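Accompanying notes for the structure given below.
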Amino acid sequence: MSELQNELRDRQLKYISLCGEEIRRREEELGRKLTACVVTFGCQMNARDSEKLLGILEQIGFVATESEEADIVIYNTCTVRENANSRVYGRLGRLHSMKKKNPDKLIGLCGCMAQEKGVIETIKRSYRYVDIVFGTFNVFAVAELLYNRFTSGSQVIDIWDSAKDIVEDLPTDRKFKFKSGVNIMYGCNNFCSYCIVPYVRGREKSREPEEIIAEISHLVADGVKEVMLLGQNVNSYGKSLEYPVTFAQLLKRIEQIDGLERIRFMTPHPKDLSDELIEVVGQSEKICNHIHLPLQSGSSRLLKLMNRHYTKESYLALVEKIRAGIPNVSITTDIIVGFPGETEEDFEDTLDVVRKSRFDSAFTFIYSKRTGTPAAEMEDQVPEDVVKERFNRLLKTVDEVAHEQIKRFEGTVQKVLVEDVSEHDPEYVTGRMTGNVLVHFKGDASLAGTVVPVRCTESKGFYYFGEKV
Ligand code: SAH
Ligand code: SF4
Ligand code: F3S
């Protein structure tokens with residue numbers, strides 16, 4: 001770590017300790033511990049940021065809880081689709097009612113929504129009761145902002161427009177003991193025409209391989225068996241480093257970490273998924289046989305308008321290459337329905353690619369117009385009833401294909417990483433195969449975090465019942 005990094009970290013540690021003093025004063029007054037709740041919306045990047053937030057809040061002295069009755073509640077928001085924003089505003093209203101009963105309750109809002117100018121204006125105007133507001137680039141500074149709130153007595157808003165400094169070496173509280181997300185890069189340079197992420201997460205920036213390896217080694221020493229490497233386009237990892245490294249080379253180095261059992265990654269972009277990557281995944285024992293390969297649309301015409309830089313044909317050819325290079329691979333995807341100008345013919349192309357690619361599962365989204373993106377300016381927005389009807393047809397096709405695909409595991413023995421006791425039956429545990437498919441089988445809590453061989457006995461469509469062998 002550089003000297004500057006050390007300095008920045010020490011500054012935050014100072015604020016953690018100053019906030020700690022304030023919290024202890026309040027504890028004494030109330031005669032109880034104070035609680036903190038971080039609510040995550042959106043993707044795995046946000047989930048990882050929330051672990052960092054909670055880690056700092058716990059270091060300050062708060063006790064983590066999942067209840068929004070907590071003394072501090074922070075919403076870590078997503079803005080990829082419009083309805084995500086509306087939900088957050090609705091929920092803020094509920095927090096306000098709670099704050100009327102408990103005026104010392106603290107409310108925070110951070111994440112991708114907070115990076116939108118319009119949102120900040122709305123918060124200033126109509127949500128004065130939100131105590132601290134910060135963005136995606138200064139999550140690490142939550143203690144400093146909270147301290148400013150304590151000393152100023154008024155709303156604190158601090159939004160950065162780029163990643164000036166990244167402080168990584170602060171406490172985190174992982175949701176799962178045995179698995180963790182690890183950021184390998186931040187931001188995105190792709191500017192797909194429908195997508196707001198490049199505007200709220202800034203330009204692409206890779207972390208140094210040594211920093212990533214050191215973080216994973218620490219995690220493994222702390223009980224982690226599986227890491228999920230996170231980036232908006234992991235294929236372009238390392239290109240802008242002083243000493244460039246490819247994503248495949250990074251994977252090879254991570255594989256050598258003793259004690260690490262599984263490696264996942266998200267998301268590779270179909271436009272530049274290399275043969276080198278397919279080879280490294282195909283040969284590896286540790287890297288999961290799972291490629292999440294967002295399609296978005298099966299129509300070459302729409303893909304061009306989306307600025308995705310691949311065609312229907314090149315996508316299908318890539319799927320074939322992946323299947324040939326990675327034995328028994330699970331391929332999953334993201335699809336958007338109702339992009340401006342989508343015709344029935346374009347949509348049929350999407351269905352065709354779903355059938356031909358044989359996805360194990362797919363996340364399907366209705367196109368949402370995001371102000372500031374090129375697609376928001378396009379004419380021919382598709383009428384809602386047409387989109388809904390197509391969306392339902394897509395779901396049906398995705399389900400049919402997925403059920404058919406998942407059946408291929410029936411009767412086979414798969415290595416399963418056990419996550420937890422089943423939510424539905426205390427005599428069962430739930431785990432995931434390397435292709436990410438869920439399996440439920442008889443077992444107890446002691447199995448959590450271990451990899452065990454399980455025979456897949458009964459396919460339930462998207463998941464399995466199995467027996468430990
Ligand atoms: N970087 C990843 C995706 C991040 S966003 C990638 O390129 O694949 C996750 C998913 O949200 C996208 O894959 C896309 O399917 C969906 N999405 C993004 N913007 C959207 C919008 N405006 N409307 C609907 N879905 C959208
Ligand atoms: Fe959005 Fe495209 Fe970047 Fe993914 S690659 S985050 S869809 S702009
Ligand atoms: Fe949402 Fe931000 Fe992730 S907009 S999808 S939380 S990067």
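Along the sequence shown, the residues carry numbers beginning at 1. One-based numbering, in listed order, for ligands and for the atoms of each. Keep in mind it's a predicted model, so treat the numbers as computed, not measured.
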Pair Val353-Leu316, side chain to side chain contact (heavy atoms under 4.5 Å, CB included): steps then yes or no: CA-CA 7 Å; Val353 177; Leu316 286 171; 4.0 Å; yes

Nearest non-hydrogen protein atom, [atom]:
atom	answer
atom 10 (C) of ligand 1	Asp334 OD2, 3.5 Å
atom 3 (Fe) of ligand 3	Cys43 SG, 2.3 Å
atom 19 (N) of ligand 1	Tyr194 CD1, 3.3 Å
atom 2 (Fe) of ligand 3	Cys112 SG, 2.2 Å
atom 4 (C) of ligand 1	Gln232 OE1, 3.4 Å
atom 21 (C) of ligand 1	Ser368 O, 3.7 Å
atom 8 (O) of ligand 1	Pro294 CG, 2.9 Å
atom 6 (S) of ligand 3	Asn46 ND2, 3.3 Å
atom 11 (O) of ligand 1	Arg81 NH1, 3.2 Å
atom 7 (S) of ligand 2	Tyr194 OH, 3.4 Å
atom 14 (C) of ligand 1	Gln296 OE1, 3.4 Å
atom 1 (Fe) of ligand 3	Cys78 SG, 2.4 Å
atom 24 (C) of ligand 1	Ile366 O, 3.4 Å

Evaluation steps, salt bridge (charged side-chain N to carboxylate O under 4.0 Å, His left out), between Lys369 and Glu82: CA-CA 7 Å; Lys369 185 171 167 177; Glu82 179 67 36; over 6 Å; no

Residue-ligand contact Met113/ligand 3, heavy atom below 4.0 Å: no

Heavy-atom gap Met45 to ligand 3 smaller than 4.0 Å: no

Proximity of Pro294 to ligand 2 by residue part, where a heavy atom lies under 4.0 Å: neither

Lys239, NZ atom: more than 12 neighbouring heavy atoms under 6.0 Å: yes

Between [X] and ligand 1, which residue portion shows a heavy-atom distance shorter than 4.0 Å: side chain, backbone, both, or neither?
X	result
Val80	both
Phe365	side chain
Arg308	side chain

Non-hydrogen atom of Thr267 closer than 4.0 Å to ligand 1: yes

Salt bridge (charged side-chain N to carboxylate O under 4.0 Å, His left out) partner of Glu226, chosen from Lys286, Arg432, Arg264, Lys177: Arg264

Proximal ligand 2 atoms for Arg308, defined as those under 4.0 Å from one of its heavy atoms: 2 (Fe), 7 (S)

Ligand 2 contact by Arg201, heavy-atom criterion under 4.0 angstrom: no

Metal site atom 1 (Fe) of ligand 2: N/O/S of Cys192 inside 2.8 Å: no

Pair Tyr367 + Tyr194: ring centers closer than 6.0 Å: no

Residue Gln232 vicinity, atoms of ligand 3 by number, heavy atom under 4.0 Å: 7 (S)

Heteroatom N/O/S of Cys188 within less than 2.8 Å of atom 3 (Fe) of ligand 2: yes

Ring-face cation contact, Phe365 with Arg81, 6.0 Å cut, 45° max: yes

Note: Glu215-Arg48 ion pair, threshold 4.0 Å (strictly below): yes

